[in-house]
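Accompanying notes for the structure given below.
Position 1 is the first residue of the sequence; numbering continues from there.
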Amino acid sequence: MIVSLIILGSLLGLGAICYAHYRLSGADGRNEKADDRSEKTADIQVEAAGTADSGEVCCGQHIVCERGLMSAATSATPEYFDDEELDVYSGRPADSYTGAETEQFRDVLVTLRSDEVIAWAHSIQQRGINLPTEVRDELMMLVAESRGI
């Protein structure tokens, strides 16, 4: 009888801890699948410099600064990084690229300076180009690295 009460008490305590963690972390109970993650990251929207026009520094809690999105969205013409040849891929699904086409994107990515990576990602997004999955993952790592995440 006492053993059953100890087990029941432990389960209730563990349940309370899990519930408190759930409520405090803001989790909504959904599992993100790789497809969902790739759809989210396919719409990479990044700011040019990491700060808003008002001079406020980004909160740093997201890989993409929401404040920067507002200022970056006002830029009507995309900036080119000697990558005009990539415009032919506009609107193409991220998983439809051949190895040679993926290498075209990678070649541009590896020639960028570290301070150009975020601006290039924004330019690609403005031009309606979906990056190949492998290159998008590499880009996300470089963005995180440039932000110190």
Side-chain angles (χ1 to χ4, degrees), residues 10-149:
S10 299
L11 287 174
L12 287 174
L14 183 59
I17 291 171
C18 289
Y19 178 73
H21 174 69
Y22 170 81
R23 296 294 289 180
L24 293 175
S25 68
D28 60 1
R30 292 184 295 172
N31 285 330
E32 284 190 15
K33 296 181 178 139
D35 306 84
D36 295 337
R37 183 179 59 93
S38 66
E39 283 179 10
K40 286 180 185 176
T41 56
D43 298 330
I44 298 172
Q45 297 177 341
V46 292
E47 70 205 282
T51 60
D53 288 337
S54 65
E56 294 181 51
V57 177
C58 184
C59 65
Q61 293 182 356
H62 306 91
I63 197 162
V64 177
C65 182
E66 294 169 1
R67 289 187 186 141
L69 293 178
M70 301 308 282
S71 63
T74 61
S75 172
T77 55
E79 181 179 354
Y80 283 87
F81 295 84
D82 196 23
D83 63 347
E84 294 81 5
E85 71 275 7
L86 300 179
D87 284 344
V88 298
Y89 302 118
S90 181
R92 190 163 166 188
D95 58 354
S96 68
Y97 294 103
T98 65
E101 293 168 337
T102 300
E103 282 304 311
Q104 276 187 296
F105 285 94
R106 188 172 283 124
D107 288 343
V108 173
L109 180 61
V110 298
T111 59
L112 296 171
R113 295 188 322 256
S114 61
D115 61 323
E116 295 176 326
V117 173
I118 293 173
W120 182 71
H122 179 66
S123 171
I124 289 292
Q125 188 266 331
Q126 276 186 312
R127 291 155 51 192
I129 300 171
N130 293 315
L131 292 173
T133 307
E134 301 87 16
V135 176
R136 184 182 57 238
D137 292 342
E138 293 170 20
L139 175 66
M140 295 304 290
M141 288 186 340
L142 289 172
V143 169
E145 186 178 291
S146 72
R147 293 245 169 120
I149 298 174

| Are any non-hydrogen side-chain atoms of D83 and R127 less than 4.5 angstrom apart? | yes
| request: Would you indicate whether the side-chain heavy atoms of E138 and V110 approach each other to under 4.5 Å? | output: no
Can you tell me how far apart [atom1] ([X]) and [atom2] ([Y]) are? Round to the nearest 0.5 Å.
X	Y	atom1	atom2	result
T98	Q104	OG1	CD	8.0 Å
R136	M140	CZ	CE	8.5 Å
L131	L86	CG	CG	8.5 Å
F81	L109	CZ	CG	11.5 Å
S114	E145	OG	CD	8.5 Å

| Atom of A121, atom of L139 and distance for their closest heavy-atom approach | CB-CD2, 3.6 Å
| query | What do the steps show when you test E84 against D82 for side chain to side chain contact (heavy atoms under 4.5 Å, CB included), and what is the final call? | reply | CA-CA 6 Å; E84 294 81 5; D82 196 23; 3.9 Å; yes
| query | Any donor-acceptor pair under 3.5 Å linking the side chain of S123 with the backbone of A119? | reply | no
Under the side chain to side chain contact (heavy atoms under 4.5 Å, CB included) rule, collect the residues that match up with [X], sequence neighbours excluded.
X	value
T102	Y97, R106, P132, E134, V135
D95	P93
S10	I6

